[in-house]
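Single-structure report; data block below.
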Protein chains: 2
Amino acid sequence: MIDFDLLSRSPVFKGITPDHLKAIMQEIHYQVKNFGKNEMVVHSGDECSRLFIVLEGSVKGEMADYTGKTIKIEDIAAPRPLAAAFLFGANNRFPVTVITNEPVRLLCIERSEFLKILQQDSQILTNYLNSISSRAQFLSQRIRFLSFKTIRQKIAHYLLDLAGDRLAVVELPLSQAQLAEFFGVTRPALARALGELDQEGLIQVQRRVIRIQDKGKMNELLKG
Amino acid sequence: MIDFDLLSRSPVFKGITPDHLKAIMQEIHYQVKNFGKNEMVVHSGDECSRLFIVLEGSVKGEMADYTGKTIKIEDIAAPRPLAAAFLFGANNRFPVTVITNEPVRLLCIERSEFLKILQQDSQILTNYLNSISSRAQFLSQRIRFLSFKTIRQKIAHYLLDLAGDRLAVVELPLSQAQLAEFFGVTRPALARALGELDQEGLIQVQRRVIRIQDKGKMNELLKG
DNA sequence: GGAGAAGTGTATCATTTGTTACAAACACGT
DNA sequence: ACGTGTTTGTAACAAATGATACACTTCTCC
């Protein structure tokens, strides 16, 4: 049995009433699969020909590097879909290995069946397009961010983005350690860079609260 | 007038016969706009509510950094679409400014009209999904690549990827200078790293031709 | 074959960042 | 107020890379 109430809150089916969703699902072929704890759902490199949506429990995506060591990428809990961006596209293979954190129920829909849904319901189509489109945009921004060479540049970009047009005083939403990880640098290096910018009078740092003193010079940093 | 023969070779309309495409287009509302040379088509930050496809000529995407300096991102020639991944998604704004390289004819389709097409024709829907999905995958891989810290790691990843399961001898498809730019490092630094890997016996470099001597140790590099 | 251009190997030094370690400031429960 | 754990500020040294310069090879065109 499927909890259509929960499923209708999934990003893919947002805005669809549970009843309507139930009607839609009756028209197509799908499967519900049960997994135990720590079971492997898909293996990295498997062909991605079905859409998976977590109905119950949560799974984690792990990426295996060349040595076999695995790194956890992200957790996905009900009712979110699984690797939605990889259902279509040139190379339909999972980039990650997916393993259950706990007992899990998965909704599996063949790509061709899911296509039927997309053609039938414009709301779901829009949802899905928005979803992978947003992901592409997010990734695009992330690449732009990663292309900044120095820590100073990353800080400048981050702070200016955070401040926007508003006042020049911002409070960091992350701890330095988290921010350092987001920047892809070490925590002491980040603290040092913040300290230097403070000494040079570009910003004023009081733990999490930062005042941008000289927006002009901060912009200058992004030049090179 | 639209050259449906050309348009049917666009990634979005691939696999559709020119006649069928003509029939589809007669059902919906669209515009064809003409631009002169060096005219601005869209400005960075503009709302992206229409799909643009280049019918004639070519345009370039430029990104403005905080200082106002512009960097050319890519050229788009007929019959390719423009910023297809930004038509949907959370923040529908162009990340780039688009300027014509020469006199250009553009096909403009409102998002709502394009949605009609997507629902009507499963081939076009699949094309479009493949297109933005591929882009997300490409960006995803690029981020993974950028997350390698050292040049040695980038080299290892690049070479192992290039070699695949085949022999251990690969010929670089790019010059060192181009490869260095792709890696986001300087050319001498890349050459130095290659030289060191050679000295350590992991690879054997003869200008563009590289022989991977020790795949095991190359894999090790990707650990840390 | 020779001249010039492009690509490659290498060296030196400056700059940036990672690494490690430790002290100071803060948060929170008792 | 007091300890305890977390977060933040700083320091010293090592490692990696950038910047710059130059010699050498290979290619191409004449």
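Just so it is clear, the values below take in all heavy atoms, side chains as well, and ignore hydrogens, waters and symmetry mates. Throughout, a chain's letter reflects where its sequence line sits, starting with A, and its residues are numbered from 1.
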Legend entry - NZ/NE/NH1/NH2 to OD/OE distance under 4.0 Å, A:Glu196 and A:Arg152: yes
Legend entry - Within 6.0 angstrom of B:Arg93 CZ, more than 12 heavy atoms from elsewhere: yes
Inset, instruction - Establish, with yes or no, whether the OP1 or OP2 oxygen of C:dT8 is under 4.0 angstrom from a side-chain nitrogen or oxygen of B:Arg208. - result: yes
Legend entry - Nearest-Å distance for atom pair CD/P, residues B:Gln153 and D:dT17: 9 Å
Inset, instruction - Find the distance B:Ile155:CD1 to D:dA16:P and express it as a whole number of Å. - result: 13 Å
Legend entry - Spacing of A:Asp198 atom CG relative to D:dT8 atom P, expressed in whole Å: 15 Å
Inset, instruction - Check whether the side chain of B:Arg187 and the base of C:dG9 form a donor-acceptor pair under 3.5 Å. - result: yes
Legend entry - Nucleotide D:dT17, atom P - distance to CZ of B:Phe148 in whole Å: 14 Å
Inset, instruction - Using only side-chain N and O atoms of B:Arg192, determine if any of them is under 4.0 Å from OP1 or OP2 of C:dT10. - result: no
Inset, instruction - Give a yes or no on whether a salt bridge exists between B:Glu200 and B:Lys217, defined as a side-chain N under 4.0 angstrom from a carboxylate O. - result: no
Legend entry - Side chain of B:Pro188 - closest among D:dT10, C:dT10, C:dT17: C:dT10
Legend entry - Touch class at under 4.0 angstrom, heavy-atom based, for A:Ala191 against every strand present: base
Legend entry - For atom CG of B:Leu194 and atom C1' of D:dT17, their distance in whole Å: 14 Å
Legend entry - Distance in angstrom units between A:Glu196 CD and C:dT16 P, rounded: 8 Å
Legend entry - Euclidean distance, atom CZ of residue B:Arg152 to atom C1' of D:dA16 [Å, nearest integer]: 11 Å
Inset, instruction - May I ask you to say what A:Thr186 touches in the nucleic acid, namely base, sugar-phosphate or nothing, with a heavy-atom cut-off under 4.0 Å? - result: base
Legend entry - Spacing between B:Lys154 atom NZ and D:dG18 atom P, to the nearest angstrom: 8 Å
Inset, instruction - Report the relative orientation of the aromatic rings in B:Tyr128 and B:Phe114; use parallel for angles under 30°, tilted for 30 to 60°, perpendicular for over 60°. - result: perpendicular
Inset, instruction - Kindly assign one of parallel, tilted or perpendicular to the pair B:Phe183 and B:Phe145, based on the angle between their ring planes and the thresholds 30° and 60°. - result: tilted
Legend entry - Touch class at under 4.0 angstrom, heavy-atom based, for B:Ile151 against every strand present: sugar-phosphate
